[in-house]
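Taking it in order: structure first as structure tokens, then the write-up.
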2 protein chains.
Amino acid sequence: MKHMHKQENLSKNQQIVLDYIEKVNEPIKAYSILHNVQKKGIKAPLQVYRALDKLVEIGKIHKIESRNAFVACKNSSCQLSKATAFSICESCEEVSEISDNKLSKYLKSFQDKAGMKFKKYNLEFFGLCKKCSIK
Amino acid sequence: MKHMHKQENLSKNQQIVLDYIEKVNEPIKAYSILHNVQKKGIKAPLQVYRALDKLVEIGKIHKIESRNAFVACKNSSCQLSKATAFSICESCEEVSEISDNKLSKYLKSFQDKAGMKFKKYNLEFFGLCKKCSIK
DNA sequence: GTGTTAATTGTTATAATATAACATTGTGTA
DNA sequence: TACACAATGTTATATTATAACAATTAACAC
């Protein structure tokens, strides 16, 4: 087999960034990551963004587009970030990943009227979480 | 009835920005809007962003979150930006608004397992449009 | 009309998010 | 070894968005 350069393991910076995102366990912004991994030797935004790009690509993390934030994937079966759904509380900004088989099945098989073939989707629900709706 | 300050018509800047977005008829970025409405007297980013905020709020335009771009609402019934779905071509970046009754019904009634009450959602599908999948 | 409130505008400065460009180093494998 | 590619390090800059504050305008109550 020629040129099988597909990497199995994460690189140093990728691992540092992933470790931190998994530790905080909530959506976090790129520059906040940067500030928190500087002691590990990561000095520049680009180092963080490159790691983020890779981690998103391989499905270890997801980007919450409406918040420009990144969160670790909870869904162990999620190998690629190609079918993501989140609920977002507009009050406390709590975000959780939705893993609902029926929903993902429905969306994966959704057919556009224009005949477009979809490879990926991202769905974000907004509202008030239980705690915030009591207040 | 006291203090019914709900405005019926758009303000000057809001109308200028909306007119331009409707004219171009495709997703457009805030600073591109700014460059193109400067002849109309809008000078600063904030003037654009304020108009955009309002137009999104009242459902005249939508934000394509994954692209940081804004597009006029095609769906005449769309009074509020609370249920939006788009298809996005990853090659040519063509975006179209999906209006599919079954889909919106399904998503509006979707119930989170955590019991969160949703007020809004945004769904973005990614893939290749017809033209680009031929190439 | 006056007074009141909220929406909108204008303006300058700055914050927050993200990428370009280029040189260098590391890693797997033929 | 040599090759191809992935990852890193670094500086600078581009892009997206908001803070803060003063002034003006619009809608309505009285």
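Throughout, a chain's letter reflects where its sequence line sits, starting with A, and its residues are numbered from 1.
- Between K54(B) and the phosphate of dA7(C), there is no side-chain N or O to OP1/OP2 separation shorter than 4.0 Å.
- Within the 4.0 Å cut-off from OP1 or OP2 of dT8(D), at least one side-chain nitrogen or oxygen of S11(A) is found.
- Contact check, K63(A) against dT17(C): no side-chain N or O comes under 4.0 Å of OP1 or OP2.
- Note on K120(A) versus E90(B): salt bridge recorded, some NZ/NE/NH1/NH2 to OD/OE distance being below 4.0 Å.
- Of the residues in residues 17-27 of chain A, not one comes within less than 4.0 Å of DNA chain C through any heavy atom.
- You'll find that the side chain of N13(B) is closest to dG10(C), out of dG10(C), dA7(D), dT17(C).
- Distances shown here put every side-chain N or O of K12(A) at or beyond 4.0 Å from the OP1 or OP2 atom of dT27(C).
- In this model, the phosphate group of dT8(C) is approached by a side-chain N or O of Q14(B) to a distance below 4.0 Å at OP1 or OP2.
- Note that CD of E93(A) and SG of C129(A) are 10.5 Å apart. Values are rounded to the nearest 0.5 Å.
- When the side-chain nitrogen and oxygen atoms of N68(A) are compared with OP1 and OP2 of dA18(C), one or more of them lie within a distance under 4.0 Å.
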Practice prompt. If a protein heavy atom is under 4.0 Å from the base, mark B; if only from the sugar-phosphate, S; if neither, -; do that for nucleotides 19-25 of chain D going 5' to 3'.
Written response: BB-----
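- When rounded to the nearest whole Å, the span between CG of D53(A) and P of dA18(C) equals 10 Å.
- Contact between the side-chain N/O atoms of Q47(B) and the OP1/OP2 oxygens of dG10(C) is found at a separation under 4.0 Å.
- Every residue meeting the ring pair (Phe, Tyr, Trp, His ring centres under 6.0 Å) condition with F118(A), not counting sequence neighbours, appears here in chain and number order: F125(B).
- Note: CG (L10(A)) to P (dG26(C)) measures 19 Å, nearest angstrom.
- Side-chain contact between F86(A) and V71(A) is present, with heavy atoms from C-beta onward closer than 4.5 Å.
- Within the structure, side-chain hydrogen bond (donor to acceptor under 3.5 Å, both in side chains) pairs that include any residue of residues 102-115 of chain B do not occur (at least two apart or interchain).
- With hydrogens and angles ignored, the 3.5 Å screen pairs a side-chain donor or acceptor of E124(A) with a backbone N or O of E65(A).
- Residues of residues 28-39 of chain A having a heavy atom closer than 4.0 Å to DNA chain D: none are found.
- The shortest side-chain heavy-atom distance between I33(B) and L52(B) falls under the 4.5 Å cut-off.
- Considering CG of N68(B) and CD1 of I64(B), their distance stands at 10.5 Å, rounded to 0.5 Å.
- Note that CG of L123(B) and OG1 of T84(B) are 8.0 Å apart. Values are rounded to the nearest 0.5 Å.
- Under the 4.5 Å side-chain criterion, counting only non-hydrogen atoms from C-beta, C73(A) is in contact with E97(A).
- Comparing F70(A) and K43(B), the nucleotide of DNA chain C nearest to each residue sits closer to the 5' end for K43(B).
- Between dT16(D), dT11(C), dT8(D), one nucleotide has an atom nearer to the side chain of A44(B) than all others, and that is dT11(C).
- Looking only at side-chain heavy atoms (C-beta outward), F70(B) and V17(B) stay at 4.5 Å or farther from each other.
- The CG-P distance, from L55(A) to dA7(D), rounds to 10 Å in whole Å.
- Sorted by first and then second residue, the side-chain hydrogen bond (donor to acceptor under 3.5 Å, both in side chains) pairs with a member in residues 26-52 of chain B read Y20(B)-N36(B); sequence neighbours excluded.
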